[in-house]
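One structure follows; several queries about it will come next.
Basis for what follows: all heavy atoms, side chains included, without hydrogens, waters or symmetry-related copies. Chain letters run A, B, ... following the sequence lines, proteins first and then strands; every chain starts at 1.
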Amino acid sequence: MMLIVYAIMYLSLFVGIFFIYTFLENKERLVSKTSTETPKVSILIPAYNEEKNIAKTLTHLLNLDYPKNKLEIIVVDDGSKDNTAEEVKKFKSVKLLQKENQGRKAYTINYGLKHCTGEFIWMLDADCYTRPDVLRKLISYFEDPKIAAVVPAITVHDPKTFWEKVQVIEYAIGSFQRQIMYFNNAHIYANAAPLVRADFIKKYGGLDTSTIGEDLELGLRIQSKGYNLGHALDAIVETTVPGKFKSIFRQRVRWTYGLFQNLKKYGFLFGPKHGDLGMFALPITLIFPMALIFLFFRIIFETINKFAFGAALLSGIDYNVSYALYTTKYFTITYKLSVFLAVALVALGLLMYFLVKKRLALHGKFRIPYVFYIFIYLWILGIFQIVGLARWIINKPPRW
Amino acid sequence: MAELRKRKYLIAFALTTLIFLIGIWVGNYIAKSYAGDISDTQDELRIYSLGMSLQNELLGGKICEIDVFEATSEKVKLGRMLETLEKQTNNKNQDLLRLTNMYSLLSLQQYLLVKRQREMCNCSVNPILFFYDNIKNDEESKKQGFVLDYIYEQYPKDVVIYSFNVNVHNPAVDTLIEMNKISDAPDIIINGVKYTDMLNSEDLEKILKLSSTGNQTCTIPEIKSQQ
């Protein structure tokens with residue numbers, strides 16, 4: 001059993017070192033160009049009950065450093081039961097479309113795509129707040145004809161609750177990892193705010209309505225058609241995140257479900273024929289959730305064993321707890337290879353976080369959330385993975 | 001065919017392997033250095049034990065005058081150091097086995113002297129032989145050892161415990177194991193009677209007829225079980 005643990009730790013170290021090495025090797029590519037070209041961009045925003053966020057989103061978009069006559073902003077109200085439509089109507093330059101709710105963002109996006117006239121289509125969530133320089137930076141990536149879409153770095157908007165601050169760490173490390181994948185032409189997550197060539201959509205269709213993870217599906221589809229998905233670490237879009245554990249749980253279970261759905265659909269991308277994507281990015285995308293689940297169960301098993309052993313010891317001495325506490329004075333810290341490796345992994349994670357922290361302009365103190373993220377939150381993610389995987393196996397899609 | 005950047009993977013593989021090897025080396029270095037400390041302590045104890053045997057010869061067998069237990073604080077310390085070394089390495093580590101071997105011989109030497117003192121000097125102290133197996137029955141051995149430690153802590157004047165690892169072989173300890181017909185450790189021998197089932201504190205108190213007032217009539221050592 002320890003061999004499997006060591007194998008997982010070895011693989012984790014390997015991936016961490018690979019990521020950091022790639023990051024440092026491509027430092028000059030971290031700075032996005034600012035495009036002087038200003039092709040027409042359709043900004044497509046699906047909105048369902050977004051009265052609290054939509055005005056702010058639209059205000060940020062109208063502040064983009066981009067010619068207004070080259071922007072087409074379309075909001076698709078997906079049968080909202082609140083005042084989303086009324087809020088949108090306050091913005092005269094924004095086009096409002098309304099449709100019946102069909103339960104999935106993919107349907108809403110696809111409905112809106114028919115009305116887009118831009119050369120590029122920016123699919124933006126209704127709670128995404130753009131910085132003025134984002135669009136020009138994203139456009140610059142399309143100088144490479146192999147790029148079919150590019151995503152900005154997503155950070156957490158105005159984190160207040162503890163759970164939001166923990167997700168700041170999660171999103172920062174996620175941005176780091178996606179940047180590395182892009183450097184290796186193996187980026188697959190077209191999440192939250194992908195800017196896509198209209199030609200690609202025309203040729204290969206909009207979002208897949210059969211899968212929950214439509215953003216991942218888009219990224220995998222882009223790769224399967226021989227294109228690349230870009231990632232711009234310094235083009236920052238802020239988004240709101242779930243502030244409570246229950247909401248995070250639901251979201252992460254959905255993501256895991258979508259992950260396994262899409263890995264199965266695009267299983268043909270595994271293998272040496274698809275280079276870094278097939279031999280590295282996809283395998284670790286599959287292995288890591290499984291490894292996390294294994295380690296999670298192992299920790300639970302070991303903890304139960306330790307408690308059971310402790311109870312057996314106590315029962316042997318007539319439950320003399322004060323003696324048991326007394327014996328702790330003989331406790332000595334001993335060296336374990338697994339602890340050494342765990343420390344190395346934590347150090348790598350810390351390094352990853354600090355490499356992106358400045359580039360993502362993360363302000364505020366995140367020390368305690370970081371410690372929580374490393375020692376507790378990652379294991380909680382294991383629970384999400386287990387539930388998501390279980391739901392996928394029994395074919396029971398999670399609720400929103 | 002898409003590109004696979006082999007050079008980067010090789011570099012990452014080499015660095016990862018290096019970190020692993022450093023981790024293993026650090027562990028080995030710490031264990032070796034700790035084993036060295038134990039060895040030094042053991043040498044001191046060995047010298048003292050030799051001195052006691054010679055003292056016995058010089059006194060012409062007047063065993064009741066020998067203070068066997070002055071070395072026991074060093075022996076107790078040694079037992080704990082061996083426990084720590086076992087946690088740092090593994091059960092089959094050669095340094096650990098060698099040091100445990102020597103510890104067993106020193107324990108046996110003390111046990112024989114205590115046994116003779118009990119018989120000849122009307123001493124009521126109860127020597128307990130504890131045979132443990134840290135490979136086949138590690139968990140059961142640890143549980144029994146914990147109870148024995150507890151009994152010693154509660155009745156330090158009435159009980160002495162001598163621990164023997166059945167996986168450590170030398171003629172003297174093997175003979176002791178054979179004499180007591182130990183086949184499936186952990187086993188306890190109290191006053192010539194073998195107990196194969198797990199004994200909790202209550203069982204031991206009954207067997208040893210222990211009471212909080214104590215009934216010791218001679219000086220007894222502060223010897224703890226290793227497990």
In sequence, state the C-alpha distance, the side-chain angles, and the governing distance for A/Leu259 and A/Leu286, and then conclude on side-chain contact (heavy atoms from CB on, under 4.5 Å).
CA-CA 9 Å; A/Leu259 170 70; A/Leu286 176 62; over 6 Å; no
side-chain contact (heavy atoms from CB on, under 4.5 Å) between B/Val160 and B/Tyr152, intermediate numbers included
CA-CA 7 Å; B/Val160 297; B/Tyr152 169 73; 5.7 Å; no
May I have the step-by-step check of ring-ring contact (aromatic ring centres under 6.0 Å, His included) for B/Tyr162 and B/Phe130, ending in yes or no?
CA-CA 6 Å; B/Tyr162 299 95; B/Phe130 173 48; over 10 Å; no
Using non-hydrogen atoms and a 4.5 Å limit, figure out which bit of B/Glu139 sits close to chain A: side chain, backbone, both or neither.
both
Below 4.5 Å from any heavy atom of chain A, which atoms of B/Ile19 appear? Answer side chain, backbone, both or neither.
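Contact with chain A: backbone and side chain both.
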Specify which of B/Thr17, B/Leu199, B/Ile151 makes the most heavy-atom pairs with chain A at under 4.5 Å.
B/Thr17
Sub-6.0 Å ring centroid separation between A/Phe268 and A/Phe270
no
Geometric class of the B/Tyr9/A/Phe280 ring pair [parallel <30°, tilted 30-60°, perpendicular >60°]:
tilted
Under a 4.5 Å heavy-atom cut-off, does chain B meet the side chain of A/Phe14, its backbone, both or neither?
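The answer is both parts of A/Phe14.
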Quick check for you: among B/Lys8, B/Glu202, B/Lys143, which has the greatest number of heavy-atom pairs under 4.5 Å with chain A?
B/Lys8
Look at A/Asn320, A/Ile17, A/Leu341, A/Ile317 and state which one has the largest set of heavy-atom pairs under 4.5 Å with chain B.
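Maximum pair count with chain B is reached by A/Ile317.
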Report which part of B/Ile11 has an atom under 4.5 Å of a heavy atom belonging to chain A: side chain, backbone, both, or neither.
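Side chain only.
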Could you tell me which of B/Ala31, B/Gly27, B/Gly23 has the largest number of non-hydrogen atom pairs under 4.5 Å with chain A?
B/Gly23
Part of A/Leu13 lying under 4.5 Å from any heavy atom of chain B
both
Are any side-chain N or O atoms of B/Asn101 and backbone N or O atoms of B/His169, one a donor and one an acceptor, separated by less than 3.5 Å?
yes
Salt bridge or not for B/Asp187 and B/Lys181, using N-O below 4.0 Å?
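Answer for the salt bridge query: no.
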